[in-house]
Number of protein chains: 2
Amino acid sequence: MVTNDLESVKENFILHWGEMGSLWGINRTMAQIHALLFISPEPLSANAIMDELKTSRGNVSMALRELIAWGIVSRVHKKGERREYYSTEKEVWVLFRMIARERKKREVDPTIEVLRHNVAKLHTLPPTEAVYEREQLENLLEFFETGSKVYEELEAQAPTSLLKLLGQMFRFRS
Amino acid sequence: MVTNDLESVKENFILHWGEMGSLWGINRTMAQIHALLFISPEPLSANAIMDELKTSRGNVSMALRELIAWGIVSRVHKKGERREYYSTEKEVWVLFRMIARERKKREVDPTIEVLRHNVAKLHTLPPTEAVYEREQLENLLEFFETGSKVYEELEAQAPTSLLKLLGQMFRFRS
DNA sequence: TAATAGTTTCAATAATTTCTGAATCTTGCT
DNA sequence: AGCAAGATTCAGAAATTATTGAAACTATTA
């Protein structure tokens, strides 16, 4: 039976994506829901998700809330239907840009703040105190600031032109 | 008292780095030890780490083992000394390259494998079956393969030339 | 080789994170 | 307003992950 193959592919992909998610501080259910929506041709209801992933209603609801907060899942109203449907960004590049933007906001920006604050604090000490520590923190800060700037520039480019750009840079095949 | 300032900076930095670590699937202790070694002018003994972080001997030992497996911490022998010292890569760019390499190996490469396998499996179905699913998985696979290639090219560049390159690309200031 | 400084291991426990499901809330239909 | 379909919330339970600490192991020195 052919659809058995499709089902096993879906399952395998969803499970793997779930594992990857947990390696990255995104919980398993969130990542699984995302995987499921990503390969679904049509938006799915919370109920359908529940059934597919064999998880509870509450869990689905919470995970969807989080995914929506990340901006990678959106609610879809079907006219004349009471129940809500959910779908995820289907363009891979757009999707990863959204994730990158969110992680930058949540992780990189606060780190830059902490580093700035601490570097400033060390600058109030006599110039021969804590020299090494100050240097190290300054290097780290510079690294994050550069990364942040590069990211902002990249984000300004359209995904396609970005690809082309990289292609030119490295002349990689295909 | 001036060193109070230094101590509070160290603590603040170590705690923040620990939090960041856990957002990324690296455990808190590992990230804290890394932070501590990163700003320490000299290699530290397991004992010193234990005292600074107020954690147990066993925990320090396990975390160090992991950090060494990641390649970002190394044992340092001091001649004529019985106890071992530990130190981390101090060059920020080198450090992040090591981390990137390891994450690629642990996360990206296996994901590519899974995607390839599943795409191949879907190709055994009649061409009109599972069209959408196949397309989506192919797009994702292409994305990861491109990323992987770009990463390999970047890794081949020396960190400095990379910076210059990016500078040219975007003409960003400083 | 025995004593000992130092390190590693791992079973038990603690802490944290995730998930469940019943109660509550919301919405829209009659 | 009353009813019912559907969604959300959240306290408690379950699962997972991190940490402790005591025992075992591994040099190194005398």
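Every chain is numbered from 1 and lettered A, B, ... according to where its sequence line falls, protein lines coming before strand lines. Scope of the values below: all heavy atoms of this structure, side chains included, with no hydrogens, waters or symmetry mates.
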>> I need the full list of ring-ring contact (aromatic ring centres under 6.0 Å, His included) pairs touching residues 113-132 of chain B, with sequence neighbours left out, sorted by first then second residue.
In response: none
> Going by the salt bridge (charged side-chain N to carboxylate O under 4.0 Å, His left out) test, which pairs reach into residues 111-127 of chain A, not counting sequence neighbours?
Replying inline: A/E113-A/R116, A/R116-A/E145
> Mind checking which nucleotides bracket the chain A contacts on DNA chain D, 5' to 3', with an atom under 4.0 Å from a heavy atom?
Replying inline: D/dA4 to D/dC10
Interface polar pairs with nucleotides 7-10 of chain C, N/O, under 3.5 angstrom:
from  : atom 1 : to    : atom 2 : distance (Å)
C/dT7 : OP1    : B/E84 : N      : 3.1
C/dT8 : OP1    : B/R75 : NH1    : 3.2
C/dT8 : OP2    : B/S61 : OG     : 3.3
C/dT9 : OP2    : B/R65 : NE     : 2.9
C/dT9 : OP2    : B/R65 : NH2    : 2.9

>> Surrounding CD of A/E152 (heavy atoms of other residues, nucleotides or ligands, distance under 6.0 Å), is the total greater than 12?
In response: yes
>> For A/F13 versus B/N118, what's the shortest heavy-atom pair and its separation?
In response: N-ND2, 4.0 Å
> Of all heavy-atom pairs between B/I14 and B/L53, which one has the smallest distance, and what is that distance?
Replying inline: CG2-CD2, 3.9 Å
>> How many whole angstroms separate atom CD of B/E81 from atom C1' of C/dT4?
In response: 16 Å
> Is it true that the side chains of A/Y86 and A/R75 contain a donor and an acceptor less than 3.5 Å apart?
Replying inline: yes
> Could B/E155 and B/R101 be called an ion pair, given the rule that one side-chain N must be under 4.0 Å from one carboxylate O?
Replying inline: yes
>> The criterion is side chain to side chain contact (heavy atoms under 4.5 Å, CB included); which residues satisfy it with A/A63, sequence neighbours excluded?
In response: A/T29, A/M30, A/I33
>> Using whole Å, what does the distance between atom P of nucleotide C/dG6 and atom NE2 of B/H77 come to?
In response: 15 Å
> Around atom CD of B/E11, are there more than 12 heavy atoms of other residues, nucleotides or ligands at under 6.0 Å?
Replying inline: no
>> Let's see if you get this right: which residues in residues 15-33 of chain A place a heavy atom under 4.0 Å from DNA chain C?
In response: A/N27, A/R28, A/T29
> Closest approach of B/E133 and B/L122, non-hydrogen atoms and distance?
Replying inline: C-CD1, 4.1 Å
